[in-house]
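Structure first, commentary second.
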Amino acid sequence: MTTSGFDVRPNAHPTDAAIRDEILGNSGFGRYFSDHMAHIRWTADKGWHGHEVRPYGPLTLDPATAVLHYAQEIFEGIKAYRHADGSVWTFRPEKNAARFRASARRLALPELGDHDFIGSLEALVAQDDAWVPTPASAAEETSLYLRPFMIASEKFLGVRPSKEVDYYVIASPAAAYFKGGVKPVSIWLSSNYKRAAPGGTGYAKCGGNYAASLAAQKEAEAHGCAQVAFLDAVENKWVEELGGMNLFFVYRDGRIVTPKLTGTILEGVTRDSIMQLARDEGLTPEERHISIDEWRDGAASGEIQEVFACGTAAVVTPIGELVSDDERIRLVDGGGEIGKRLRTQLLDLQYGRREDTHGWLTRLA
Ligand code: COI
């Protein structure tokens with residue numbers, strides 16, 4: 001059996017339908033996985049080959065596999081949304097595919113074309129369609145989170161790009177990323193750690209960036225915060241991003257500002273979409289440097305009305321306060337009307353409740 005060039009090996013022991021439905025009703029984020037995974041292998045001599053969808057399950061890796069030692073790995077995050085008519089769609093997959101290639105170039109991994117990237121999502125969702133939740137109402141943001149990733153799988157301890165690479169896509173039913181749902185979160189401002197430096201891997205979606213954020217994330221949790229915010233590594237002054245999300249600042253006069261991409265910030269697909277939706281709303285999105293002093297002063301004067309985080313997993317999440325060793329910067333309006341509106345517009349578009357005027361949706365099943 002094949003789906004868009006992928007050989008399909010169905011899982012002989014899929015999850016019982018009643019158990020699956022129970023999971024879909026209370027999935028949380030990233031805790032459960034569907035019955036299959038997509039896989040493509042790459043070797044220096046053959047290129048990409050062996051396209052397959054096979055039962056989800058553990059990988060067998062030699063202890064000397066390169067990725068386990070030097071972290072030559074990249075990933076993506078993208079969701080599949082069930083529309084009211086039962087069809088399943090994804091959002092701007094060509095943007096994720098392009099970013100995956102940019103990450104691959106930075107991590108000296110082979111580049112995967114749009115056809116294989118989007119084909120792997122289609123092939124997996126065709127097999128695991130039943131794992132795409134049906135939202136009970138417009139207030140519910142359940143989806144199937146797809147996690148494409150690529151690892152250096154050569155058994156070799158020399159430090160050089162791997163000559164063998166494996167690409168997989170796994171799928172996990174997802175509800176709101178933060179435990180409390182869409183409520184304003186507290187953010188910890190890291191002063192001990194930096195996430196990225198010029199010339200480093202900040203713009204790439206590689207596991208190493210997230211590993212580097214974890215000590216700061218632990219500090220955040222110890223201070224009762226849900227995420228950590230990083231400043232730039234050179235001047236310790238410019239706001240960059242959170243551990244796994246981009247940032248937006250909403251000004252009283254309708255400007256909405258997000259830190260400019262300078263190679264140290266992830267080029268978020270949600271970030272780009274929010275800028276377009278803001279433009280559609282008559283707001284003025286700006287990409288520029290924003291300093292921690294501007295955040296502090298703007299919050300104190302009321303010039304900055306809202307701050308929100310955005311990402312595939314987080315969608316749009318309001319930020320209630322920024323906490324550091326010596327201060328707490330509270331936002332005038334932690335609830336965030338503009339963020340809420342942009343969030344609703346984005347979700348309405350993704351779930352097919354609003355016309356897709358930008359041609360952002362691709363049908364998967
Ligand atoms: C995503 O939003 O898809 C990410 O990869 C970020 C991570 C915090 C889950």
Side-chain angles (χ1 to χ4, degrees), residues 92 95 98-99 102 106 185 187-191 194-205 209 213 227-312 314-322 324 327 329-334 336-343 345-346 358:
R92 308 187 78 184
K95 294 281 278 181
R99 187 173 64 185
R106 181 62 185 87
V185 292
I187 300 295
W188 173 249
L189 179 65
S190 176
S191 39
K194 295 289 172 236
R195 177 187 169 275
T201 58
Y203 69 87
K205 204 162 173 67
N209 288 342
S213 77
Q227 267 275 319
V228 54
F230 291 100
L231 298 182
D232 77 288
V234 178
E235 295 181 70
N236 192 36
K237 171 176 178 184
W238 307 107
V239 180
E240 295 211 317
E241 65 176 299
L242 303 186
M245 289 140 216
N246 294 122
L247 278 169
F248 274 96
F249 299 81
V250 181
Y251 286 70
R252 192 165 26 205
D253 61 5
R255 280 174 300 140
I256 104 161
V257 178
T258 189
K260 188 179 159 81
L261 304 174
T262 52
T264 52
I265 296 178
L266 190 82
E267 192 173 340
V269 178
T270 310
R271 173 187 179 280
D272 185 76
S273 310
I274 290 289
M275 283 197 290
Q276 184 57 51
L277 292 174
R279 229 170 268 129
D280 296 350
E281 276 274 291
L283 299 165
T284 315
E286 281 177 15
E287 292 180 84
R288 63 166 170 84
H289 292 308
I290 171 158
S291 70
I292 187 65
D293 293 339
E294 182 175 346
W295 186 344
R296 182 185 299 108
D297 297 347
S301 69
E303 188 63 20
I304 296 178
Q305 295 271 301
E306 299 173 33
V307 184
F308 61 83
C310 71
T312 300
V315 192
V316 170
T317 301
I319 293 176
E321 59 175 356
L322 183 72
S324 69
E327 63 184 336
I329 305 179
R330 286 185 202 278
L331 272 307
V332 182
D333 178 6
E337 281 313 308
I338 304 271
K340 221 180 274 170
R341 214 156 73 215
L342 291 168
R343 181 176 190 286
Q345 287 186 359
L346 181 65
H358 297 291

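What you see is a predicted model, and the numbers here were worked out from it, not measured in a lab.
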Inset, instruction - Any chance you could lay out the side chain to side chain contact (heavy atoms under 4.5 Å, CB included) test for E337 and V250, step after step, and finish with the verdict? - result: CA-CA 10 Å; E337 281 313 308; V250 181; over 6 Å; no
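- Taking the salt bridge (charged side-chain N to carboxylate O under 4.0 Å, His left out) definition, one finds that E241 meets it with R195, sequence neighbours left out.
- Two residues are said to be in side-chain contact when any heavy atoms from C-beta on lie closer than 4.5 Å; L266 and K205 meet this criterion.
- Within the 3.5 Å criterion, the main-chain N or O of P259 finds no donor-acceptor partner in the side chain of E240.
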Inset, instruction - Go through the steps for M275 and T258 under the test side chain to side chain contact (heavy atoms under 4.5 Å, CB included), then give the verdict. - result: CA-CA 9 Å; M275 283 197 290; T258 189; 3.9 Å; yes
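- Using a 4.5 Å heavy-atom threshold, the side chains of Q227 and V185 count as separate.
- A distance of 12.0 Å separates SG of C310 from CZ of R343, quoted to the nearest 0.5 Å.
- The CD atom of E306 lies 11.0 Å from the CD1 atom of I319; values are rounded to the nearest 0.5 Å.
- Put simply, the side chain of N246 never gets that close to the backbone of T270: no donor and acceptor are under 3.5 Å apart.
- For the pair T317/M245, no side-chain contact is recorded, criterion being any heavy-atom separation below 4.5 Å from C-beta on.
- Taking each heavy atom of P285 and R279 in turn, the nearest pair found is CG-NE, 3.7 Å.
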Inset, instruction - Apply the test side chain to side chain contact (heavy atoms under 4.5 Å, CB included) to residues F248 and L342: give CA-CA distance (whole Å), side-chain angles for both, the deciding distance (0.1 Å), then the verdict. - result: CA-CA 11 Å; F248 274 96; L342 291 168; over 6 Å; no
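- Between I274 and I256, the closest side-chain pair of non-hydrogen atoms falls below 4.5 Å.
- Proximity of a side-chain donor or acceptor of N209 to a complementary backbone N or O of A204 within less than 3.5 Å is detected.
- No donor-acceptor pair closer than 3.5 Å links the side chain of R341 to the backbone N or O of G336.
- The heavy-atom pair separating R99 from G268 by the smallest distance is NH1-CA, 3.6 Å.
- In this structure the side chain of L247 never reaches within 4.5 angstrom of the side chain of I187, judged on heavy atoms.
- Each of K260, R271, R255 was scored for a salt bridge (charged side-chain N to carboxylate O under 4.0 Å, His left out) with E287, with one residue passing: R271.
- Taking each heavy atom of A229 and L322 in turn, the nearest pair found is CB-CD1, 4.1 Å.
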Legend entry - Full working for side chain to side chain contact (heavy atoms under 4.5 Å, CB included) between L261 and Y203: CA-CA 8 Å; L261 304 174; Y203 69 87; over 6 Å; no
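- Across S213 and V228, no two heavy atoms sit closer than the pair O-CG1, 4.3 Å.
- Note that the CZ atom of F249 and the CG atom of L331 stand 8.5 Å from one another [nearest 0.5 Å].
- For the pair K194/L231, a side-chain contact is recorded, criterion being any heavy-atom separation below 4.5 Å from C-beta on.
- For the atom pair NE2 (H289) and CD (E235), the distance works out to 8.5 Å, reported to the nearest 0.5 Å.
- Atom CG of D253 and atom OG1 of T284 lie 7.5 Å apart (nearest 0.5 Å).
- For E267, the side chain to side chain donor-acceptor pair (under 3.5 Å) test picks out no residue, with sequence neighbours left out.
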Legend entry - Residues H358, D280; criterion side-chain hydrogen bond (donor to acceptor under 3.5 Å, both in side chains); working and verdict: CA-CA 11 Å; H358 297 291; D280 296 350; 2.7 Å; yes
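- With a 4.5 Å cut-off on side-chain heavy atoms, L242 and W188 do not count as touching.
- Expressed to the nearest 0.5 Å, how far CD1 of I292 lies from CD of E327 amounts to 6.5 Å.
- Within the 4.5 Å cutoff, the side chain of T264 has no heavy atoms near those of the F230 side chain.
- Every residue meeting the side chain to side chain donor-acceptor pair (under 3.5 Å) condition with E321, not counting sequence neighbours, appears here in chain and number order: S186, R328, R330.
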